[in-house]
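So the structure is just underneath, and the comments pick up after that.
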Amino acid sequence: MRSRAYDEVTVGETLPELPVPLTRTLIVATAIASRDYQDVHHDPGLAAERGSPDVFMNILTTNGLIDRYVTEWAGPAAEVKAIKIRLGAPNYPGDTMVLTGTVTAKHDEDRRVEIAVRGANRLGAHVTGTVAVRLPGGAES
Amino acid sequence: MAQTEQDGYEKRLGEFAGREAAPPRPGPDPVNVPMIRHWVEAMGDRNPVYLDEEAARRTGRAGIVAPASMMQAWTMRGYAAATAGQDDGSGLGELIALLAEGGYTSVVATDSEFAFHRELTVGDHVGVREIIESISPEKKTALGAGRFVTTERTYLDQHGETVAVQRWRMLWFRPARTPPGGREPAALRPRPAVNRDNAFWFEAAREHRLVIQRCDACGALRHPPGPCCPRCGSYGWDTAEASGRGRVYSYVVSHHPRHPAFEPPYVVALVELEEGTRLVTNLVGVAPEEVEIDMPVALEWLDPDPELSLPVFRPVTA
Amino acid sequence: MSGLSGRAAIAGIGATEFSKDSGRSELRLACEAVLAAVADAGLRPSDVDGMVTFTADSSSEIHIARSTGMGELRFFSRVPHGGGAACGTVQQAAMAVATGVAEVVVCYRAFNERSGQRFGLGRADAPSGAGADDAAFAWVSPFGLFTPAQWVAMFARRYMHEYKATGEDFGRVAVVDRKHAATNPAAWFYGRPITLADHQASRWIAEPLRLLDCCQESDGGQALVVVSAERARDLPHPPALILAAGQGSGDDQHMMTSYYRPEITGIPEMGLVGRQLYGQSGLGPADVDAAVLYDHFTPLVLPQLEELGFCGRGEARDFIADGHLEVGGRLPVNTHGGQLGEAYIHGMNGIAEGVRLVRGTSVNQPPSVRHVLVTAGTGVPTSGLMLGTDR
């Protein structure tokens with residue numbers, strides 16, 4: 001994996017789209033990997049009793065996928081400084097979430113780049129938010 | 001709830017603002033490679049700095065680091081706590097009990113705002129201190145009536161230094177009832193205001209007939225109907241049965257606000273019938289992004305509940 | 001020039017702060033705005049003898065007159081159709097003053113439209129009666145079309161189709177409004193401009209409308225004092241002469257859903273208002289130095305420019321993209337920030353901005369403004385004003 005340098009990045013630049021197929025296994029495996037055992041993330045029957053049509057992805061996983069999406073683009077040298085997200089439509093099994101991102105700001109003093117991120121599924125926006133990463137200064141070391 | 005009782009409840013909820021949700025508590029395990037591996041595999045994250053010492057050092061780091069987004073996971077209490085229930089005598093436990101008293105028994109997280117002060121490395125041991133910031137008034141949401149509870153979580157390392165701060169918002173809500181076996185919303189569509197001038201149309205719809213009001217003097221068709229012909233002034237009218245074929249003249253894909261009878265995004269279309277009149281309707285059998293103006297459509301009937309039948313349209317080949 | 005032109009003037013303007021939660025009753029907001037406007041005109045409450053508001057307002061003039069010590073009133077009137085009423089209230093007042101029916105008429109609108117009943121949530125579950133106004137919604141609400149944004153979206157989609165307009169063309173209206181609001185300390189979005197990219201990234205409300213195409217929901221009140229032109233000359237501020245005032249209801253008019261006309265890309269009722277404004281005042285589009293165009297939703301600003309003769313049919317997107325709505329452009333628009341940027345007070349705050357433009361006191365004052373055109377709500381039966389400097 002190549003690391004992106006701060007000077008290579010321009011405001012307005014877009015990140016390549018990343019479709020994430022939302023399998024039931026992904027939703028359950030990521031909930032457990034984040035040590036989130038709430039029934040709505042793995043038990044369809046109990047999820048229905050709580051008013052949800054099916055199990056749905058937990059927020060820790062949304063954070064994890066956004067983190068992965070931005071650092072895949074930024075490369076291994078990037079340090080994540082902030083992840084701010086708001087959830088909208090749930091991620092249910094059988095859907096696909098498509099992640100998109102746009103560079104919205106650069107801060108020269110600490111080589112920090114801000115990226116507006118959105119993850120949309122069939123129902124609309126699952127997540128909107130911003131990620132800030134600190135990038136290396138020169139070319140890849 | 002009576003007003004005074006309601007005021008009392010609001011006051012009791014309000015008293016939680018500023019309270020500690022839970023005393024500072026270290027996570028069950030220090031930062032370790034097996035848990036990182038479990039995380040990155042599930043997330044599909046192939047960044048080498050999380051598992052490969054050498055790769056991590058090539059980026060200028062001292063060694064393996066944990067994914068930033070994993071911060072909260074290090075403090076999750078896991079299976080035993082999740083199944084044992086939440087009321088552990090902490091401020092949050094008391095608040096959850098009080099919310100349950102108000103009927104707010106279900107919860108979803110809605111916002112997370114993380115600022116990371118440093119990366120975590122293997123051996124770090126993270127704990128969290130959580131302060132309740134605010135409890136909102138009751139809000140109508142797509143999930144049901146609920147209250148947003150906002151907290152600030154400060155993540156501390158083994159030296160008591162802050163490694164991250166997170167603003168965290170959860171919606172505690174009264175679950176809207178779902179009918180057995182279906183995703184179809186239980187709520188009724190808005191009722192049409194039926195009066196002496198428009199009842200014939202809705203009655204015909206109950207029989208699955210799409211009719212258009214026709215002036216019995218000049219023959220002009222009109223929709224929406226009215227008591228008097230704007231062209232010739234006659235009060236007399238009968239109806240013509242529509243062929244059910246038409247074209248999309250314009251359309252809307254609705255997302256907000258959410259109404260429990262409609263699952264967004266849904267399509268409301270203005271269809272021009274081949275008879276020349278237009279009507280507002282819904283499109284079925286087509287994804288919102290595939291709808292086009294001038295698309296040919298044909299009539300179908302929707303019976304959303306026992307009292308209401310509505311004409312809807314499905315795209316057809318010309 | 002008609003018998004109304006130049007006979008009356010707006011001599012005072014007054015408003016509350018614009019907020020999301022006023023913490024006060026709607027009547028209290030109305031009283032504050034009215035008293036501020038009366039004071040701005042250099043008058044006393046007891047000088048007021050007429051009042052006009054919207055049929056939609058929750059505070060009748062009697063409550064305000066009683067609370068503020070106005071005493072007797074000899075003229076009171078209300079104008080229907082939501083935001084379409086705004087300039088109509090001033091027309092009522094001007095006619096009353098010009099005919100000698102009243103001498104000092106206050107027009108007002110005040111509400112807790114954000115913290116109280118929010119129009120934006122729509123009328124899906126509004127109680128429905130057997131009257132024609134309620135029955136009109138039977139043709140739309142059961143299909144899930146029950147909010148102002150949705151009603152406007154139907155027009156916007158057709159407009160895009162016929163004139164190849166895009167969401168960015170709508171977005172440019174929001175950007176210029178927010179640019180103006182950013183320098184207006186009274187605006188809710190003071191100091192918070194947006195970019196076209198922000199607009200394009202904002203969430204869908206009712207496609208093709210995004211969040212940033214929709215005006216705010218606001219708490220607040222705004223009042224205006226109308227007196228004869230002669231009397232206005234003796235009061236503290238330079239008069240904002242009412243050179244023309246018109247209302248318009250088009251052929252086959254519905255409330256926000258005039259979807260059954262041969263064409264739905266124009267706003268014929270605004271064209272009717274425009275013809276009256278130009279006819280009464282003897283002015284034309286080229287004489288208008290600035291405008292306050294009703295902007296509850298960005299898409300309907302475009303056909304307003306066309307109906308009022310500032311550009312040809314379908315050309316508004318180019319007119320806007322060329323920067324003509326900016327201060328320094330051909331037609332500075334919504335210099336206070338509009339209802340997207342300043343506040344949504346049902347168009348009444350826009351009339352106050354028209355007065356400031358004539359006085360030369362807008363925070364974004366273009367040079368040498370003599371004539372300002374102000375419009376009221378679109379999609380509904382509407383109204384408009386031509387305000388001008390004295391002589």
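For the numbers below, each heavy atom of this structure counts, side chains included, while hydrogens, waters and symmetry mates do not. Bear in mind that the values here come from a model prediction, so they are computed numbers and not experimental data. Proteins come first, then strands; the chains are lettered A, B, ... in the order of their sequence lines, and each starts at number 1.
The number of heavy-atom neighbours closer than 6.0 Å to CD of B/Glu292, taken from other residues, nucleotides and ligands shown, is 12 or below. No more than 12 heavy atoms of other residues, nucleotides or ligands shown are found within 6.0 angstrom of NZ on A/Lys84.
Of all the heavy atoms in A/Gly64 and B/Trp39, the pair that sits closest is CA-CZ2, 3.7 Å. Considering all non-hydrogen atoms of both residues, A/Leu26 and B/Ala42 come closest at CD1-O, 3.4 Å. Among all heavy-atom pairs drawn from A/Tyr37 and B/Tyr79, the shortest one is CD1-N, 3.3 Å. Closest approach of A/Arg35 and B/Pro28 over heavy atoms only: NH2-CG, 3.7 Å.
The OG1 atom of A/Thr30 sits 5.0 Å away from the CE atom of B/Met43 when rounded to the nearest 0.5 Å. How far CZ of A/Arg122 is from CD of B/Glu289: 10.5 Å, rounded to the nearest 0.5 Å.
In this structure, A/Val80 and B/Ser69 have side chains that are not in contact, with every pair of non-hydrogen atoms separated by 4.5 Å or more. You'll find the side chain of A/Asn63 stays beyond 4.5 Å of the side chain of B/Met70, heavy atoms only. Counting heavy atoms from C-beta on, the side chains of A/Leu60 and B/Met76 come closer than 4.5 Å. The shortest distance between side-chain heavy atoms of A/Glu72 and B/Asn47 does not fall below 4.5 Å.
In terms of heavy-atom pairs under 4.5 Å with chain B, the best-connected choice from A/Ala82, A/Pro76, A/Ala29, A/Ser34 is A/Pro76. Here B/Ser106 is the residue among B/Ala287, B/Ser106, B/Pro67 with the most heavy-atom pairs under 4.5 Å with chain A. Heavy-atom pairs under 4.5 Å with chain B were tallied for A/Leu87, A/Ile83, A/Asp67; the largest tally goes to A/Ile83. Contact count against chain B (heavy-atom pairs under 4.5 Å) is highest for A/Ala78 among A/Gly124, A/Ala132, A/Ala78.
Within the 4.5 angstrom heavy-atom criterion, only backbone atoms of B/Pro264 (N, CA, C, O) approach chain A. Heavy atoms closer than 4.5 Å to chain A are found in the side chain of B/Val108, but not in its backbone. Neither the backbone nor the side chain of B/Pro288 comes within less than 4.5 Å of any heavy atom in chain A. Looking at B/Met35, the atoms closer than 4.5 Å to chain A (heavy atoms on both sides) all sit in the side chain, from C-beta outward. In this structure, the portion of A/Phe56 lying under 4.5 Å from any heavy atom of chain B is its side chain and not its backbone. Contact of A/Leu65 with chain B is made through backbone and side chain together, with heavy-atom distances under 4.5 Å. Using a 4.5 Å cut-off between heavy atoms, A/Ala125 does not touch chain B at all. Contact of A/Asp36 with chain B is made through backbone and side chain together, with heavy-atom distances under 4.5 Å. Looking at B/Arg118, the atoms closer than 4.5 Å to chain A (heavy atoms on both sides) all sit in the backbone: N, CA, C or O.
The ring-ring contact (aromatic ring centres under 6.0 Å, His included) contacts involving residues 116-141 of chain B comprise B/Phe114-B/Phe116, where partners must be two or more places apart or lie in separate chains.
A donor-acceptor pair is defined here as one N or O able to donate and one able to accept, closer than 3.5 Å; no such pair exists between the side chain of A/Arg86 and the backbone of B/Thr110.
Residue-level contacts of residues 49-57 of chain B with chain A, in order of numbering, are B/Val49, B/Tyr50; threshold 4.5 Å between heavy atoms.
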